[in-house]
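Input: a single structure, listed below in structure tokens.
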Amino acid sequence: MEPRVISGCGILGVLRKQDAAKIAASDAVSSIECIRYRGSRLGAGFAAYNLDGPQNHLHKVKVFVSSEEVLRHVKNVLKEFSDGGLWDAGFDAFSGKFMSWTALVDASEDSLRAAVDRLNYELMNAGLKGRVYSWGRYVEVFKGVGYPLDVSRLYGLVERSVEADLWIAHTRQPTNSPGIYPIWSHPFSSHEWAIAHNGDISSFGSNMEFTRFRGFRSFVGTDSELIAYLLDYLTNIKHMPLEKAAKALVNPFEEDIINNAADISVDEYVAGRGAWLDGPFSVVAGFCDGKDVYMLALADRSKFRPLVVGEDEERFYVASEEAEIRQLSENARVWTVKPGGVFLASMKKGIIVSGREHPEVFYRNVGKTTAVGEVVDAQGLGYSQLNLRIRSLFEKGLKEVVVVNVNGHRYLGFNMPPGTRLKIHGTAGNCLANFNKFGEIIVYGSAQDDVGDAMYGGRVIIHGDARDVVGQALQGGEIFVRGSVGNRAAIQMREFKDSRPYLVVGGRADDYLGEYMAGGVVMVLGVDSIGLDEPLVGRYMATGMVGGRIYVRGRVERWRIGLHPPKPDVIRYLRGLYLDGLIDEAVLNSFEGLRTVTIDDVRKILSGEPLRRITKLFTSKYHKELSITVKRLDEELPVVEQPLTRFFHEFNLEKTLYTKLLKEEFTVVSAQPLQPAEQQREHQPEEG
Amino acid sequence: MKPFGWTLGRVKHVQELAGTVGRQPGEPPIASMGSTGPPHVEDPLLIRDRLVCDGAQVTRPSIDPYREPVETHVYLCGGKIRLSMPVVVKIRASHPPYFSEAVVKAAYYMGVLADVSEAGLENFEKYRDGLLADVSYAGVGGCAGYVSSFYGLRRLSVPVFVKAPPAESYPWLKAAAENGMSGVLVDEELVGDTSLEVGVSVVDRELRFLGLRNEVSVLAGGWSVRGSDDIYKLVALGADAVVLSNAVEYAVGYPDAKARADVLRERMENLLLGLQRELKLLAGAAGVSSVFNSLVGNRELLRAVELDREIRLKLGVKQAGVG
């Protein structure tokens, strides 16, 4: 038995464009199998959507049954609720004590919905005797216990050359159920929705309380099934437009709702309270309304799970790892979904919501690169095998190792000896250059999550993008990324007396850039977007920062830096001051017009007693003042010149661009120097 | 003599948050991992002392509220009222003006509701959009009203709450909602036939069953609410906001005839700020970033320890270590 590797689940979605050929099951299997290490033997599955199936006038109802008796009962109930008839399509798989049985049912959506709810309720109460797990005209789910390849064989997906307009796939690391029966496998489906999910939502109990009195009585007990129910409820029962439902489900921040930046009103937010998702999730979902096929992806607002999307000439992709997309397409443009981001594409309409701002500018597709001379071919090697091969070459005294066809191989660039270089062609997998001290690692392509974690020397040069959590606890050496980086870059970065790390990003960065940062230098240049009026960072930049410096080109709006109290709380306090005659109406109004009220705003506008009183909403004993200035980069040459020169050299960027960049305005954020010890006395309460 | 459930440690803690004693007003102490409270370290005194909070773990990380957002706001009555945190403070008829004015002001500034239904609206009219007053004042406009029996409900321009004691069932909810009720206030200081915990959970469940939960708000509390842990648990059992009464008196050092009104107000503001921070820490520890959406009625985030099965079923809380 192979050792079980504890990892996160993996998800996949592949949607064809209208003029492209249907997608073969073998593509879905090969893509999800390339991240086999994310899953386990405990569950996998696929969902296929076909807009033009020959039997689309009938519902295809798929049921797990544990005995002849259960099957008889299922048939009887379905007959009772079907209007036109019921055709027994036989069994298509056997998995973990359950047979998968299929029927074609001529029934209205409403009566079938009632039949499914009754069946699942009765079968669950009778002690997990079976489950209706798929019941749409256009969707068909195939799921079971095993790795994705096992499940595909179970149903003969490749052998029968099953094709689809859209495939959803999942490989599972169970956390909320034992996973020993196929009813706990993904995708979970409800009418024409099928979803695969990686995460563990903290709103589970609230979502359950919301759903259970709204037409859904039976639950297998996982959060993932609830997401399918919620999507079904919001779009099919409440008739909420798909895009709006998706944007609400990611539970937008209140500040976005009241600033009309979330496409949902306070009233709608309140009316659906309990339906919105909290905690970690990345979700891929399919939907068909009989006219078009949709693929949806959702990322939670803290971005606690990986999610990338892509597009090439023929298809759209959603994946946990870029490697899944590269397995099928060398040329796809791939980009990171932002925290709280929604991606929505349809077969006929193309991309409806892109998952982030300006992916075409900020994300870099390096394309296929070639290497000359002696190379290690990673194709067909597992990541452990590849790492052993590379290590043995370095142990033989080689100073440079070139690896080609890298696709998601993890843990590359560990333990490299002094003076060595590793060149990677392809997509470097998670945890590249972790704990690196001596190695120079060059990636001709993009790198996935967690590059350079706790790296304390050496160099990493990435010609494409890096995904989430780059340079966590980086404490020496330098990381250069030509494209963009994702969420939580440079968190807990620190420096020592003789070791100052650098992270230089050519594109942009998402939320929490430099969270808890304690040292080192981060630069975000946006070299491809000079002249484009688009901020180069997300929000909550430099929260908890205690040292180091961050340079971001352009004037970063103050609300993006640090954490601020909710605007309605601040306005309420100001309103109190106004009612008590401590500030006048004009002052109150000037605050109302702000997007977010920051500590700089109150310090600028207020003074004396009102300022003293309201400051407590902004500070605490854990509050650390940040210094935020705007400077031309050439004013900071002593700090930035050397890394910047090396960055330009590595990526062969033009000298004129360098000169231009030095004249650009940068926002410089640093933690204020510690105050002298005698000023650090504990705060004395007013009334002694 | 403090009522049952209150200990000297509890009183000291709210006084420290308020800055009545100690040197760090509004700052929750962060000590270490592990519990210093009931049911295992201190004796469990109330039902909620036998409820423990399900924390985040590796697949569902905790959130550090000092660096990342944890939203404590709640909306009441379909969005008509916004609170900065799930808290209502109660003014009693016996409270002298210097005290009630300080508390009402602080509640207003800090964005929570003050229940002045026993004390009257006379001195507080300008804060009326932060007040819960007797329905006879509804003509003044702005404030939310309350009636003590739904038979007195009329359609009014302001949200109207019905005050009721904790009960095993609330058969009148549907009729009251049809008559314009926008919230229920489960007040344990009215004598009921069950505990506050059961009353809250039953109201929440019955409203959900009727499909009214997001239109009709639930406020609940009284003398026994001792701090943010109680607020957190009562919210998870189904309250949108929790009423503090004795906790306010103890925290600001009432009666303290020597304290100036603005000192009392400052203490009260500190108390609320401290409670809000504690709620963020508790929610963050459970991986919850939005109290309003993800905590209200989320019994899944609670587990019961050595709690009578019958009560546990009424609360809808699972037994610890079982499921």
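Values below: every heavy atom of this structure, side chains too, minus hydrogens, waters and symmetry copies. Order of the sequence lines fixes the chain letters, A, B, ..., with proteins taken first and strands second; residue numbering starts at 1 for each chain.
- Contact annotation for V74(B): neither backbone nor side-chain heavy atoms come within less than 4.5 Å of a heavy atom of chain A.
- Here K616(A) is the residue among R214(A), K616(A), R539(A) with the most heavy-atom pairs under 4.5 Å with chain B.
- Proximity to chain B among residues 272-280 of chain A is limited to G272(A), R273(A), G274(A), A275(A), W276(A), L277(A), D278(A), G279(A), P280(A), judged by heavy-atom separations below 4.5 angstrom.
- Closest approach of R575(A) and Y108(B) over heavy atoms only: CD-OH, 3.1 Å.
- Using a 4.0 Å cut-off between a side-chain N of Lys or Arg and a carboxylate O of Asp or Glu, E209(A) and R299(B) qualify as a salt bridge.
- Contact of P568(A) with chain B is made through backbone and side chain together, with heavy-atom distances under 4.5 Å.
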Take S206(A) and L295(B), measure what side chain to side chain contact (heavy atoms under 4.5 Å, CB included) needs, and give me the verdict at the end.
CA-CA 7 Å; S206(A) 294; L295(B) 185 62; 5.9 Å; no
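- The side-chain contact (heavy atoms from CB on, under 4.5 Å) test applied to V202(B) returns Y170(B), V198(B), E206(B), not counting sequence neighbours.
- Side-chain N or O atoms of R60(B) include none that pairs as donor or acceptor with a backbone N or O of I201(A) at under 3.5 Å.
- At a 4.5 Å heavy-atom cutoff, the contact between V112(B) and chain A is made by backbone atoms alone.
- Atom CZ of R612(A) sits about 4.5 Å away from atom CD of E266(B), to the nearest 0.5 Å.
- In this structure, F292(B) has its ring center closer than 6.0 angstrom to the ring center of Y269(A).
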Go through it in stages, so that I can follow the logic: the residues are K126(B) and D580(A), the test is salt bridge (Lys or Arg N to Asp or Glu O under 4.0 Å), and I'd like the CA-CA distance, side-chain angles, deciding distance and then a yes or no.
CA-CA 9 Å; K126(B) 65 179 172 184; D580(A) 287 343; 3.2 Å; yes
Can you check salt bridge (Lys or Arg N to Asp or Glu O under 4.0 Å) on D569(A) and R82(B), steps first, answer last?
CA-CA 9 Å; D569(A) 290 10; R82(B) 179 195 184 274; 2.7 Å; yes
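- Both the backbone and the side chain of F253(A) come within less than 4.5 Å of a heavy atom in chain B.
- Using modelled atom types and a 3.5 Å distance limit, the side chains of Y622(A) and E27(B) yield no donor-acceptor pair.
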Apply side chain to side chain contact (heavy atoms under 4.5 Å, CB included) to the pair H623(A) and Y66(B), showing each step before the final yes or no.
CA-CA 8 Å; H623(A) 174 77; Y66(B) 288 98; over 6 Å; no
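- Contact between P28(B) and K621(A) at its shortest, heavy atoms only, is O-NZ, 4.4 Å.
- Heavy-atom pairs under 4.5 Å with chain B were tallied for L574(A), L563(A), I571(A); the largest tally goes to L563(A).
- With a 4.5 angstrom heavy-atom cutoff, D262(B) does not touch chain A via any of its atoms.
- Interface remark: Y75(B) contributes side-chain atoms only to the contact with chain A (heavy atom separation under 4.5 Å).
- For the residue pair G287(B) and S202(A), the shortest heavy atom distance occurs at O-OG, 2.7 Å.
- For a residue to count as touching a neighbouring chain, one of its non-hydrogen atoms must lie under 4.5 Å from one of that chain's; by this rule K105(B) touches chain A with the side chain only.
- The candidate with the highest count of non-hydrogen atom pairs below 4.5 Å against chain A, out of R205(B), E215(B), R260(B), is R205(B).
- Interface remark: R213(B) contributes backbone and side-chain atoms alike to the contact with chain A (heavy atom separation under 4.5 Å).
- Side-chain atoms of E71(B) come within 3.5 Å of backbone atoms of E254(A) as a donor-acceptor pair (strictly under, hydrogens ignored).
- Side-chain atoms of R301(A) come within 3.5 Å of backbone N or O of S289(B) as a donor-acceptor pair.
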Please evaluate residues S84(B) and R572(A) with respect to the criterion side chain to side chain contact (heavy atoms under 4.5 Å, CB included), reporting the C-alpha separation (whole Å), side-chain torsions for both, the decisive distance (0.1 Å), and the verdict.
CA-CA 9 Å; S84(B) 63; R572(A) 182 58 173 263; over 6 Å; no
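- For the pair E68(B) and R488(A), the salt-bridge criterion is met [side-chain N within less than 4.0 Å of a carboxylate O].
- Annotation: cation-pi pair R208(B)/F210(A) absent, no NZ/CZ under 6.0 Å from the ring centroid and within 45° of its normal.
- Residue with the most contacts toward chain B among F304(A), F281(A), F204(A), Y516(A): Y516(A) (heavy-atom pairs, distance under 4.5 Å).
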When you look at Y573(A) and E269(B), which way does the side chain to side chain contact (heavy atoms under 4.5 Å, CB included) test go after all the steps?
CA-CA 10 Å; Y573(A) 202 98; E269(B) 285 183 20; 2.5 Å; yes
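- N298(B) has its side chain out of reach of M208(A): every pair of non-hydrogen atoms, C-beta onward, lies at least 4.5 Å apart.
- Atom OG of S203(A) sits about 11.0 Å away from atom CD of E300(B), to the nearest 0.5 Å.
- Ranked by non-hydrogen atom pairs under 4.5 Å with chain A, the options S290(B), G79(B), A236(B), G78(B) are led by S290(B).
- Heavy atoms closer than 4.5 Å to chain B are found in both the backbone and the side chain of L577(A).
- For the set V270(A), T543(A), N251(A), the count of heavy-atom pairs under 4.5 angstrom toward chain B peaks at V270(A).
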